[in-house]
Amino acid sequence: MCGIVGYIGPKPSKNIILRGLEALEYRGYDSAGIALVDSKGGQVFKQVGRVNGLTQEVEEEASNAGLAIGHTRWATHGGVTVANAHPQMNSDHSIFVVHNGIIENFDELRQRLEEAGYTFESETDTEVVPQLIDYYLKQLPSFVAAFEATLRDVRGAYSIVAISTAEPETLYAARLSSPLVIGVGEHENFLASDPSAIMDHTKKVIYLEDYDVAVITKDKVDIHNLKEDTHTSPKIELLDYENEKALLGDYPNFMLKEIFEAPAAIRSATLGRAVVEQNMVKLGGLEGVLGQLKYIDRIVIVAMGTSYYAGLVGEYLIEELADIPVEVQLASEFNYRKEPFSRSTALLAISQSGETADTIAALKKVEDYGVLRLGIVNAVGSTIARMTDAGVYCHAGPEKAVASTKAFLAQVTVLLLIALHLNDGRSKRFRPLIEELNELPAKAQAILDHTDEIKAIAEKYADYRDFLFIGRHTGFPAALEGALKVKEISYLHAEGYAAGEMKHGPLAMIDENFPTFAIATDSPLLEKTYSNIQEIKARKGPVLALATRGNKAITKFCSDVIYIPETEPETQSILQVIVMQLFAYYIAIKRDNDVDRPRNLAKSVTVE
Ligand code: G6P
């Protein structure tokens, strides 16, 4: 959740670290800090709030040291204060540490250190790390030995980077269940929790694996795996990432830009995969496991947040088109339950970032079961992409705004492609759906062309405190996603419900102050949804309906109607969600919220 960046080389590191932190700020943004070290000693700058609050002070007062680390924080242990911001230090401020993750046994370690005479300045779990390194340095011959001894004592999930005034030319880094990537330059090296922080400088990277400890100087990277006790020669990979796509352009924020990338996201997800001329679906990422796929009789989808809701849409699609039973579980629940799991079950992890801790843990849980592990991932080269046996990339491009938008559309598109691939041309739906997938970007664009109308309606609803989103079939998970968007960026109460469930509880909340966003696009179930809308109207609840263009009848009994183009039932949720993204966006803007960085949230949740 936090962002880490480091540099060792001949250039003044401060600017590299500041720019890197800005690129990483979407990961965590409640405080930021930098430590620099050169032969004269160390300097630390920390600040509550955004990175830009740190810029002026660092630019003016920081030395031109060639070694530095920086951090943007998303608080876990201890409030948002300067003392709790990273880098954390040992008592004489000679060792500086930044950390992403959680140190589960920090309390026990802290007690041990306090008994040994150490005093603590922060409430963080991280502070035990520099203190413990300090403790071991007094007994062991080198910094690396003290660093490794510390890591052996620490339980939890982490990426940790440390520097010391005693070694002004070396970065020390370690990873366990939290990403770290080394950027390899010419007589300089970089380090980051996310390649976006360093990709302006180099495209050559080394991904650290679990239990790796890296000692990095400007000309050398040495990696020692603590578990295997091996020194591996680092594997350099080339980043396949277009940074330009992560730039804002003329948009006021990333969320709007990413919503407007809907047509491109759907197109990239289908490009070369849904081939109308040959009436086929080609998924290169699954080719290596085609033999195994034939024997799969159950799919368990694991994911979190928006990716989980995409998975719920996928459940309808795969079951209906490929006739394979699907179960969707929140990875955080899946990880701590016992259930029968046979080898003919495939585990399918869905993740935009490929770094969500719970989803990674789900893949780890089945490591020894011999089951096929598949992934639908957006971030190329991420941990989940590398852990799975096979998978399909979303190709939606980098997503920066915390609330996921275009990635959902790409995930559902990919799930539909997988469903069709597993169906292998057997169903009558095959041909119309391949054709529709190619039409869909234009239909998404048609919705975006009516943004002003959606904006006007959203502004009309922006003063309500509560919202209900209802839908049936794939419109149900779409409703859940619509409600999540409102919660995330508007901070208003919103709930998603299956329309048929209204009479079983939610109807009790309805009155003139509780509007419902009803997904009522054309489907065989439309009349049933009409009945639910009538029941809400009878209780004076305002209803904003989402209908298929051409449906005039609905205007008679709904307060407002937003239309989407006609599409196949299997692709409706994609278009529905674009409207709900815009709806939530304009409510949040009207309420003056920071849509890219909503309070208390982070883009990539790398702790459980
Ligand atoms: C965070 C993000 C959400 C995202 C979820 C799962 O909560 O704010 O937008 O849906 O994590 O992330 P993933 O990267 O695994 O899709």
Side-chain angles (χ1 to χ4, degrees), residues 1-3 24-30 74 76 100 177-179 193-194 196 254-255 258-259 265 301-314 328-335 347-364 374-388 391-412 414-415 477-478 480-491 496 577 580-581 584-585 588 593-608:
M1 324 213 25
C2 309
L24 288 179
E25 213 177 19
Y26 71 103
R27 293 179 71 105
Y29 34 81
D30 50 41
W74 187 90
T76 57
N100 181 11
S177 305
S178 185
S193 47
D194 178 329
S196 62
F254 280 104
M255 184 166 180
E258 287 158 8
I259 295 173
I301 294 179
V302 284
M304 299 299 286
T306 289
S307 299
Y308 170 71
Y309 294 140
L312 289 176
V313 176
V328 193
Q329 298 196 33
L330 285 165
S332 57
E333 287 302 309
F334 174 82
N335 295 337
L347 188 78
L348 170 58
I350 307 178
S351 176
Q352 187 287 124
S353 62
E355 302 296 352
T356 298
D358 287 308
T359 314
I360 292 173
L363 286 164
K364 281 196 180 145
L374 304 171
I376 297 179
V377 173
N378 191 36
V380 176
S382 55
T383 304
I384 293 176
R386 288 180 294 120
M387 275 176 91
T388 40
V392 184
Y393 275 121
C394 291
H395 293 319
E399 195 180 63
K400 289 269 186 177
V402 165
S404 185
T405 53
K406 62 175 177 172
F408 174 90
L409 313 177
Q411 288 165 342
V412 174
V414 167
L415 281 158
L480 294 171
E481 173 59 10
L484 177 64
K485 286 287 102 44
V486 170
K487 282 182 252 207
E488 285 175 303
I489 57 170
S490 312
Y491 319 147
V577 166
M580 291 185 279
Q581 291 170 353
Y585 172 85
N593 293 350
D594 181 342
V595 288
D596 280 353
R597 297 173 188 131
R599 70 183 185 200
N600 307 342
L601 300 180
K603 180 71 182 160
S604 185
V605 180
T606 52
V607 293
E608 279 190 44

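The structure presented is a predicted model; accordingly, all values stated were derived computationally and were not measured. Just so you know, ligand 1 is whichever comes first in the structure, and atom 1 is the first atom listed for that ligand. Numbers for residues simply follow the sequence, beginning at 1.
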Short question: side chain of [X], backbone of [Y] - any donor-acceptor pair under 3.5 Å?
X: Asn100; Y: Cys2; value: yes
X: Glu258; Y: Lys400; value: yes
X: Ser490; Y: Lys487; value: no

Fill in: For ligand 1, the residues whose heavy atoms come within less than 4.0 Å (ordered by chain, then number)
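Contacts of ligand 1 under 4.0 Å: Met304, Gly305, Thr306, Ser307, Ser351, Gln352, Ser353, Thr356, Val402, Ser404, Glu488, Ala602, Lys603, Val605.
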
Does any non-hydrogen side-chain atom of [Y] lie less than 4.5 Å from one of [X]?
X: Ile350; Y: Val414; result: no
X: Glu355; Y: Ser193; result: no
X: Ile489; Y: Asn593; result: no

